[in-house]
Amino acid sequence: MEKIYNFKEVEAKWYKYWIENKIFSTKPDKNRKPFTIVIPPPNVTGSLHMGHALDNILQDIIIRFKKLQGYNTLWVPGTDHGGIATQNVVEKLLKKEGKTKYDLGREKFLEKVWQWRAETGDIILEQLKKFGCSLDWDRTAFTMDESRSKAVKKSFIYLFNKGLIYRGKRLVNWCPSCSTALSDIEVEYENEKSSLWHIKYPLKDSKEYVIVATTRPETILGDTAVAVNPDDARYTKLVGKTITLPLINREIKIVADYMVDKSFGTGAIKVTPAHDTIDNDIAKRSRLDIIEIINAGGTMINVPSKYQGLNTEEARKEIVKDLDAIGSLVKTEDYTHSVGKCYRCSTKIEPLMSEQWFLNVTEMSKKAVEAANDGITSFHPKSWKKPYIVWLENLRDWCISRQIWWGHRIPVYYCVDEKGNRNNCKSIASFDKPVECSCCKGKNFVQDEDVLDTWFSSALWPMSVFNWGEDDNNEDLKYFYPTSVLVTGHDILYLWVARMVQFSLEFMKNIPFNDVFIHGILKDKHGRKMSKSLGNVVNPMVIMSQYGTDALRFALAQVAAPGRDLQISDELFLTARNFANKIWNASRFIIMNSEGIDKLDNDIQLSELADYWIITEFANTVSKVKAAYESYNIDSSVREIYDFFWTKYCSWYIEFSKIRILSTNLNTKKQVLSMLVHILKSTLQFISPIMPFIAEEIWQILNKASNIKTLSESSLFEVKNGNAESIEKMKVLQDIIVNIRTLRSEMNISPAIKLEALFNVLEDNKETIVKENENYIKQLAKISTIQFCKNMKRPKNSALAITGSFEIFLPLEGLIDTKKEKARLMKKIGFAKQEVDRITLNLDNENFIKKAPDTEIEKIKTRLNEAKLKIEKINGTLKFLE
RNA sequence: GGGCAGUUAGCUCAGCCGGAAGAGCAUUUCCCUUACAAGGAAGAGGUCGCAGGUUCAAGUCCUGCACUGCCCACCA
């Protein structure tokens with residue numbers, strides 16, 4: 001074995017093997033419990049980033065652990081067509097050729113997108129393989145393949161016929177750059193510096209006026225009212241009066257509406273129902289006219305010719321200038337407010353009136369809320385439950401249509417005449433083009449031009465990957481559905497998770513998953529979001545090639561506390577890589593020493609204190625690790641395994657084992673090697689969900705590569721029970737060893753120099769423990785001989801190491817620096833005195849004695865005695881240093 | 001405006017069933033000891049954000065405040 005773990009070779013070898021032997025393929029098996037995860041399908045655009053790495057690695061860890069526990073695990077892979085995002089990417093490519101999608105036309109353009117997907121779509125899947133993901137590749141799905149399309153159509157038609165999907169002209173969020181409507185949740189708000197313009201609105205036939213404050217003066221041309229709060233004493237007498245709008249002299253009313261905040265600006269607001277959500281609501285309540293003045297291209301319409309055709313920004317400049325000129329502009333102040341932007345291209349959203357398809361979600365939301373309240377869907381961490389419910393409760397109807405070409409085209413057909421003009425017949429939702437119109441018997445139809453929001457097909461994903469829509473009663477769906485857990489970041493909790501629950505409750509009458517595991521969002525080492533503009537994006541592929549996949553996985557798992565954002569840095573990966581190397585070398589030591597010895601791990605025998613101790617420590621670790629895995633606290637499993645393996649197993653147990661390994665008695669050697677191998681193999685099982693490659697490699701070497709069966713196909717070993725006593729006893733030895741080492745280190749005594757030790761026994765019952773393990777103390781503390789005695793005075797020129805049970809004198813003729821030794825001991829007395837003071841204070845407290853539990857009192861009394869004894873002994877020794 | 005997190009060693013974070021402050025990285029000293037220098041041994045470093053309260057005992061429970069971050073909201 002090489003001295004340094006060569007991850008490149010190992011990773012390539014094992015993933016290939018796993019795939020070729022279909023280790024991750026699963027079929028329904030009624031004798032075993034299923035455990036299912038459906039991948040959050042990454043968009044086919046581009047490649048996977050660190051966030052994907054985190055999300056998928058966490059899923060893989062859970063799946064692999066459950067598999068070891070004996071579940072029939074299935075993890076379904078797939079990708080998302082990614083609607084707007086993908087269309088934008090392809091449009092950009094076209095732009096480089098100097099073309100637009102309109103040059104190609106719908107059909108040709110779509111061909112182009114499909115072609116692009118064929119070329120690049122699989123990059124992502126290959127990357128998932130590199131992460132080591134144990135996905136069942138035979139089930140790879142795509143949100144726009146045939147089966148998934150059937151699911152989309154089926155659900156749409158069902159909802160349409162139920163009257164939940166309807167078409168209407170409403171105020172929607174419009175992205176002028178993507179030229180499509182967006183749902184409320186696809187709008188992201190950002191604070192932006194702007195101005196607040198105060199404008200005089202004169203009352204008709206009067207010298208009086210009302211001042212309104214606005215951030216959008218250009219929409220003045222679309223105003224159809226001024227609104228004030230009905231309780232605002234300043235304005236009560238003006239409600240119902242008429243105002244003449246500046247610049248265009250349109251007469252509008254002053255209306256009262258509770259929505260108006262008295263304290264904002266002047267307490268009076270201009271109402272532009274066609275281009276503002278609140279204004280639109282006010283207009284509904286007060287039955288105001290709606291005048292559209294901005295079109296889908298973001299330019300002014302239905303306005304005086306001097307403004308006609310300007311974009312909103314130009315119009316704003318002109319209008320402010322003109323208002324100023326006629327003396328209507330009272331003042332302009334700096335103002336910061338939040339502005340809605342497109343989540344795909346960051347263009348400012350233009351609210352405008354548009355004919356769109358909507359899904360009425362009222363009933364679905366109610367059911368989803370019930371499911372969450374009843375705990376049928378449970379959140380990890382649970383703090384997400386409340387925001388999730390609040391969101392569902394305040395949901396407006398979902399705008400599901402998009403004016404783009406790439407996506408599931410809305411399966412609604414309109415009856416048309418020969419010239420293509422729409423007849424006044426009922427529109428039909430149908431899988432295929434209808435044959436005959438039920439109203440007029442006409443035979444000509446056109447399909448709706450719009451496509452569905454990409455999240456519509458995503459919402460069906462957990463069902464559609466099992467071919468719901470094509471065959472609703474298939475075995476897979478019956479067996480694997482509902483899935484066990486959904487793993488995702490909180491950024492798409494509403495966008496996606498909530499909708500899957502809604503759709504699943506509607507179509508399957510069941511939840512799509514039992515648990516929702518919400519992890520944090522990745523940040524850089526300074527806590528900043530990773531973004532291309534900051535240049536702090538860490539590419540997982542680069543990390544893998546530098547540190548190895550297991551290191552990447554370990555590092556991410558280590559910081560993946562549920563719900564908390566995680567910061568990653570080079571040091572993190574370095575630590576992870578070092579840990580892999582530690583595992584490698586510990587294994588290497590054991591493997592090198594077991595050459596020529598067969599069947600090591602069967603039937604282990606505990607013969608010495610260290611054996612009982614390590615078994616006990618391991619049993620404790622295992623129970624913590626299991627609990628951590630099961631509650632999605634992957635970070636704690638990592639910590640527990642790391643600490644156990646490095647500190648307990650390597651630093652203590654392996655060091656202890658060396659004496660027996662070097663023993664000439666073959667049975668002794670075999671016994672300890674069996675212990676070592678047993679614990680190692682068991683540890684490999686527990687670390688394998690996190691570091692599958694190195695675990696598999698060592699597992700195979702340990703199993704002598706014959707009759708190969710992979711680690712992931714093994715079942716967790718039974719863990720033997722230990723005893724708490726062994727931990728106490730081992731502590732005695734560790735105390736002695738550490739104390740002597742500290743002394744040596746502080747006195748600068750080279751490990752090459754072996755020392756004689758005199759053990760003055762303070763606690764009789766501890767003597768046996770030491771006697772039985774004398775060799776280990778000698779070995780690890782570099783002691784040549786140990787002599788036991790009682791009531792001994794400090795020999796000349798010796799240094800003192802003191803534990804709870806022993807006073808250890810180390811004769812240091814020629815090595816001891818009396819001054820140094822004195823200072824060292826004085827420091828120890830200092831610590832002990834602090835301890836005595838602290839405990840005495842407690843014991844002197846009547847209430848403490850009265851109210852604290854006896855065990856606690858006993859405990860600190862023991863500590864007090866130890867500290868006092870220590871002081872006494874050290875003082876006794878100090879006398880000899882005078 | 002509402003809600004949710006966080007605030008512990010120089011940095012990143014554990015600890016939160018209340019009973020002697022922990023890890024990794026960085027740092028200091030010693031050591032290339034036959035598993036590992038990507039390592040070993042030892043050390044230094046913390047009035048656990050602030051102020052109250054409950055308690056014999058508070059990093060840990062309660063209240064308030066401050067700062068940081070996130071989410072939600074119709075900031076016109």
Side-chain angles (χ1 to χ4, degrees), chain A residues 1 3-5 189 191 196 212-216 219 227 259-261 264-265 268-272 276-282 335-338 381 383-384 386-388 390-391 394 490-491 493-494 520-521 523 525-527 529 547 551 558-559 561 563-572 574-593 635-636 639 642-643 646-647 650-651 654-655 658 662 737-738 741-746 748-752 780-782 834-835 838-839 842 845-853 855-857 859-860 863 867:
Chain A
M1 281 174 87
K3 215 169 164 180
I4 286 174
Y5 170 54
Y189 290 88
N191 275 337
L196 190 61
V212 300
T214 181
T215 53
R216 297 206 62 186
T219 61
M259 221 58 193
V260 182
D261 178 0
F264 180 86
I269 64 165
K270 60 195 272 314
V271 182
T272 321
D276 187 282
T277 348
I278 323 156
D279 294 6
N280 197 266
D281 288 347
I282 294 174
Y335 189 66
T336 303
H337 65 138
S338 79
S383 55
W384 276 105
K386 199 174 153 191
Y388 168 83
V390 169
W391 185 80
N394 295 304
H490 54 69
D491 47 345
L493 180 63
Y494 309 129
I521 305 295
K523 303 281 179 66
K525 68 184 292 189
H526 306 291
K529 239 182 194 165
Y547 303 97
Q558 197 190 353
V559 290
R564 289 200 50 181
D565 288 347
L566 21 126
Q567 293 181 219
I568 54 171
S569 59
D570 279 351
E571 295 92 76
L572 194 68
L574 209 66
T575 308
R577 184 202 62 178
N578 292 353
F579 185 55
N581 199 48
K582 188 75 180 176
I583 296 174
W584 180 256
N585 275 292
S587 310
R588 181 167 162 255
F589 170 76
I590 293 163
I591 290 160
M592 284 186 334
N593 280 293
D635 59 318
S636 357
R639 262 195 306 281
Y642 183 95
D643 179 59
W646 202 306
T647 313
C650 291
S651 296
I654 288 186
E655 290 309 320
K658 283 177 179 172
L662 293 173
I737 293 165
V738 168
R741 280 171 172 173
T742 307
L743 185 147
R744 298 185 70 117
S745 177
E746 284 173 351
N748 272 332
I749 296 163
S750 153
L780 297 182
K782 310 289 175 200
Q834 272 178 23
E835 175 99 338
R838 202 170 46 232
I839 297 173
N842 253 340
N845 184 339
E846 269 177 52
N847 283 324
F848 175 75
I849 302 295
K850 232 188 290 174
K851 296 190 178 175
T855 49
E856 185 55 30
I857 296 175
K859 218 159 92 186
I860 71 164
R863 255 193 277 142

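First the proteins, then the strands, lettered A, B, ... as listed; each starts at 1. Hydrogens, waters and symmetry mates are skipped; everything else that's a heavy atom, side chains included, is used.
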When rounded to the nearest Å, what value does the distance between [atom1] atoms of [N] and [M] take?
N: B:C25; M: B:C4; atom1: C1'; answer: 30 Å
N: B:G69; M: B:G64; atom1: P; answer: 23 Å
N: B:G3; M: B:A73; atom1: C1'; answer: 11 Å
N: B:A26; M: B:U68; atom1: C1'; answer: 24 Å
N: B:C61; M: B:C16; atom1: P; answer: 10 Å
N: B:G46; M: B:A21; atom1: C1'; answer: 8 Å
N: B:U29; M: B:A66; atom1: P; answer: 46 Å
N: B:A5; M: B:U47; atom1: P; answer: 28 Å

Starting at atom [atom1] of [X], determine the distance to atom [atom2] of [N], rounded to an integer number of angstrom.
X: A:Tyr335; N: B:C75; atom1: OH; atom2: P; value: 9 Å
X: A:Asp281; N: B:A73; atom1: CG; atom2: C1'; value: 13 Å
X: A:Phe579; N: B:G39; atom1: CZ; atom2: C1'; value: 15 Å
X: A:Trp646; N: B:G40; atom1: CH2; atom2: C1'; value: 11 Å
X: A:Ile654; N: B:U34; atom1: CD1; atom2: P; value: 16 Å
X: A:Ile590; N: B:A35; atom1: CD1; atom2: C1'; value: 9 Å
X: A:Gln567; N: B:G69; atom1: CD; atom2: P; value: 12 Å
X: A:Asn581; N: B:G39; atom1: CG; atom2: P; value: 7 Å

Which of these nucleotides, [options], is closest to any side-chain atom of [X]?
X: A:Glu746; options: B:G43, B:G39, B:A76; value: B:G43
X: A:Thr742; options: B:C72, B:G43, B:C36; value: B:G43
X: A:Ser651; options: B:C56, B:A41, B:C75; value: B:A41
X: A:Asp261; options: B:A76, B:A38, B:G39; value: B:A76
X: A:Ile4; options: B:A14, B:A38, B:A35; value: B:A38

For [X], give me all partners under salt bridge (charged side-chain N to carboxylate O under 4.0 Å, His left out), at least two apart in sequence or on another chain.
X: A:Lys3; answer: none
X: A:Arg838; answer: A:Glu835
X: A:Arg216; answer: A:Glu218, A:Glu350
X: A:Lys859; answer: A:Glu856

Residues that [X] engages under side chain to side chain donor-acceptor pair (under 3.5 Å), provided they are two or more places apart:
X: A:Thr647; value: A:Asp643
X: A:Asn748; value: none
X: A:Arg577; value: none
X: A:Gln567; value: none

Both A:Pro751 and A:Trp384 contact RNA chain B. Taking the nearest nucleotide for each, which residue is further toward the 5' end?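 The residue mapped nearer the 5' terminus is A:Pro751.
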
Take A:Asn847 and A:Asn585, find for each the nucleotide of RNA chain B with the closest heavy atom, and name the residue whose nucleotide sits nearer the 5' end.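 It is A:Asn585 whose nearest nucleotide is closer to the 5' end.
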
With a 4.0 Å limit, can you tell me whether [X] has a side-chain N or O closer than that to the phosphate oxygens OP1/OP2 of [N]?
X: A:Lys3; N: B:C36; answer: yes
X: A:Lys523; N: B:C13; answer: no
X: A:Thr215; N: B:C75; answer: no
X: A:Lys658; N: B:A35; answer: yes
X: A:His490; N: B:C70; answer: no

Base, sugar-phosphate, or nothing for [X], non-hydrogen atoms under 4.0 angstrom?
X: A:Thr272; answer: nothing
X: A:Asn845; answer: sugar-phosphate
X: A:Gln834; answer: nothing
X: A:Asp565; answer: nothing
X: A:Val260; answer: base
X: A:Tyr5; answer: nothing

Using atom names, set out every protein N or O paired with an N or O of nucleotides 3-10 of chain B below 3.5 Å, distance rounded to 0.1 Å.
unit_1 : atom_1 : unit_2   : atom_2 : d
B:G3   : O3'    : A:Lys386 : NZ     : 3.4

Output yes when a side-chain donor or acceptor of A:Asn581 lies under 3.5 Å from a complementary backbone atom of A:Tyr5, and no otherwise.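 Looks like yes, one N/O pair under 3.5 Å.
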
Closer than 3.5 angstrom, by distance alone: can the side chain of A:Arg741 be matched with the main-chain N or O of A:Leu780 as a donor-acceptor pair?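 Side chain of A:Arg741 to backbone of A:Leu780: a pair is present.
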
Step by step, would you call A:Ile860 with A:Asn842 a side chain to side chain contact (heavy atoms under 4.5 Å, CB included)? CA-CA 9 Å; A:Ile860 71 164; A:Asn842 253 340; 4.1 Å; yes

Not counting sequence neighbours, which residues clear side chain to side chain contact (heavy atoms under 4.5 Å, CB included) with A:Ile521? List them please.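 A:Ile521 satisfies side chain to side chain contact (heavy atoms under 4.5 Å, CB included) with A:His490, A:Asp491, A:Asp565 once adjacent residues are dropped.
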
Where do A:Lys270 and A:Asp279 come nearest, in terms of heavy atoms and distance?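 Residues A:Lys270 and A:Asp279, closest heavy atoms: O-OD2, 3.3 Å.
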
If every non-hydrogen atom of A:Gly520 is compared with every non-hydrogen atom of A:Leu566, which pair is closest and at what distance?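 Between these two residues, the closest heavy atoms are N-CD2, 4.3 Å.
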
Once each nucleotide of nucleotides 15-29 of chain B is scored for protein heavy atoms under 4.0 Å, what B/S/- sequence comes out, 5' to 3'? ----BB---SS---S

Pairing of RNA chain B as dot-bracket, 5' to 3': ( ) intra-strand, [ ] crossing, | other strand, . unpaired, with Watson-Crick or G-U pairs under 3.5 Å? ((((((((.[[[[.)...(..]]]].(((((.......))))).....[[[[[..)....]]]]])))))))....

Do A:Trp646 and A:Tyr642 have ring centroids that are under 6.0 Å from one another?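 Ring centres of A:Trp646 and A:Tyr642 closer than 6.0 Å.
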
